[in-house]
2 protein chains.
Amino acid sequence: MTPIEHIDLTKRVYEELKKMILEGELNPGQKILQEKIAEQLGISRTPLLKALQMLEYELLVESIPRRGMYVKKLSAAEIIDIFYAREVLEGLAARLSAQKISENQIVQLRGLFDPFLQDKDNINFEAYEKADRRFHIMILKISDSTVLKRLEMIGNVLLIAYQASLVRPPSETLSEHIAIIEAMSARNGDLAEKLCRDHIRKSRIKLIKELEMQVGHR
Amino acid sequence: MTPIEHIDLTKRVYEELKKMILEGELNPGQKILQEKIAEQLGISRTPLLKALQMLEYELLVESIPRRGMYVKKLSAAEIIDIFYAREVLEGLAARLSAQKISENQIVQLRGLFDPFLQDKDNINFEAYEKADRRFHIMILKISDSTVLKRLEMIGNVLLIAYQASLVRPPSETLSEHIAIIEAMSARNGDLAEKLCRDHIRKSRIKLIKELEMQVGHR
DNA sequence: GTTATGTTTTTTGAATTCAAAATTAAAAAA
DNA sequence: TTTTTTAATTTTGAATTCAAAAAACATAAC
């Protein structure tokens, strides 16, 4: 018998709000008028507030005491900071995954990138980006770490920081992704960690350059 | 003119509760009766609930929907998991700190362990433990990373997991602490990270052994 | 004596209410 | 016209209230 699922309001509100922020319905810097949003969602402020607090931990919203909640506007420094953290955390995830990954999961990971290996010169960026994101989330899942799960947020932040635009092109990252999968498949945790770190570090370095350029041009 | 400080209730309740948990006033596994605690603290359930939610993110309490909040009882697997995360996160903190640390901060860090260098064979464990904890917290602070700050929790968890008992004796760790400080002082981020990771990894390995022993004896 | 059933009490999740603070708008003074 | 002051409105933070669910208790059946 399957137990009846508890769909608590807070979680649903949380999901809805997250979607609204990630899809740009609420823009960075914008004030979140609690009364208004609560009314729109047809709920009271109590569950809304709880959801907002969760999102605050995930760096998606920011609370200024006695002022209100705002959709977080990430600074260049913060985005870079997040990449530094991703570097070590996803590196760890890759290492732990190498110890635990199942044959089935290996097949699934490979499956993510199979479509792009056929015709490397003609890759649909949007589809690749989706696979890329799935890849990183899957590794976090496979690592099956309580702490790392707490940090799935780091994936979300990516979305706002770089909406639908990859930091580096598939021509660079595709082989890196494959190499990470192979290392995990060979149960080589040290190598998987190293490759994963390198992978993200390269993106970070490119990102820093780009952000510096932007600043330099102003 | 100094602006009036906003001491919002939630934060104070949060601090109080954290103290209650860390000092053992509330024991792991114990149910948190909201009404009762709120009355004891002389507040309503609203700010209490917010504080509890914050603590949930820090792994100090656990929420079971429609059941209530409980003081979290960490499993051996979770404690080990936390050490894995500390390994990479504090390693990163050491690396970033090496880039940013001021002369003054170096002096402060050295000062933490000075008292123990005089008479290495006669170290007060309790005092050393305090210095140890300060050391790790300071590095997180110096690294000045938004993401890492979110993870100060990892320090807290340590407290409950290993109340006042060091995983390894000062005779082993003192020199490691000094070496990390020296690496940061020399602005050698790579080395600082490596040393810090090794430092925590050694503790993790010892910890795993001890936990396995405990299980084996049952 | 143990297990099952029904009832009461407690506790949670959520809405509502209320006071204090912040924001906005309006009026008065420079 | 611009700035300052005052008043009105909005919004937050926190308490209270209320319904639904869970836990505890008591009673009845086996």
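First the proteins, then the strands, lettered A, B, ... as listed; each starts at 1. Reckoned from all heavy atoms, side chains included, excluding hydrogens, waters and symmetry mates. As the structure is a prediction and not an experimental result, all values here were calculated from the model.
For A:Gly42 and A:Arg67, each mapped to the nucleotide of DNA chain C holding its nearest heavy atom, the one lying further toward the 5' end belongs to A:Gly42.
Between B:Leu33 atom CG and C:dT10 atom P there is a gap of 12 Å when expressed in whole angstrom units. One can place CD of A:Gln34 at 16 Å from P of C:dT16, the figure rounded to the nearest angstrom. As a whole-Å value, the separation of B:Glu39 CD from C:dT11 P is 11 Å. At whole-Å resolution of the value, CD1 in A:Ile37 and P in D:dT11 are 12 Å apart. Rounded to whole angstrom, the span from the NZ atom of A:Lys31 across to the C1' atom of C:dT23 amounts to 8 Å. As a whole-Å value, the separation of B:Leu9 CG from C:dC18 C1' is 16 Å. When rounded to the nearest whole Å, the span between CD1 of B:Ile64 and P of C:dT12 equals 12 Å. Atom OH in B:Tyr14 sits roughly 18 Å away from atom P in D:dG13 (whole-Å rounding).
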#### Entry: Residues B:Glu56, B:Val61; criterion side-chain contact (heavy atoms from CB on, under 4.5 Å); working and verdict
CA-CA 5 Å; B:Glu56 194 189 347; B:Val61 311; 4.0 Å; yes

May I have the list of side-chain donor-acceptor pairs in residues 45-54 of chain A shorter than 3.5 Å, sequence neighbours left out?
from    : atom 1 : to      : atom 2 : distance (Å)
A:Arg45 : NE     : A:Gln34 : OE1    : 3.1
A:Gln53 : NE2    : B:Lys50 : O      : 3.2

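Side chain B:Thr46 to base D:dA15: a donor-acceptor pair is found below 3.5 Å. The base of D:dG13 lies close enough to the side chain of A:Arg45 for a donor and an acceptor atom to sit less than 3.5 Å apart.
Counting heavy atoms from C-beta outward, A:Lys202 and A:Lys206 have side chains that stay 4.5 Å or more apart. For the pair B:Arg197 and B:Val88, the minimum side-chain heavy-atom distance is below 4.5 Å.
Scanning for ring pair (Phe, Tyr, Trp, His ring centres under 6.0 Å) contacts around A:Phe116 gives A:Tyr128, with sequence neighbours left out.
The side chain of A:Thr10 contributes no N or O atom lying less than 4.0 Å from OP1 or OP2 of C:dG13.
Closest of all the heavy-atom pairs between A:Leu74 and A:Leu59 is CD2-O, 4.5 Å.
Near DNA chain D, defined here as any heavy-atom distance below 4.0 Å, the residues from residues 47-56 of chain B are B:Pro47, listed numerically.
Within a 6.0 Å radius of CD in B:Glu39, other residues, nucleotides and ligands contribute 12 heavy atoms or fewer.
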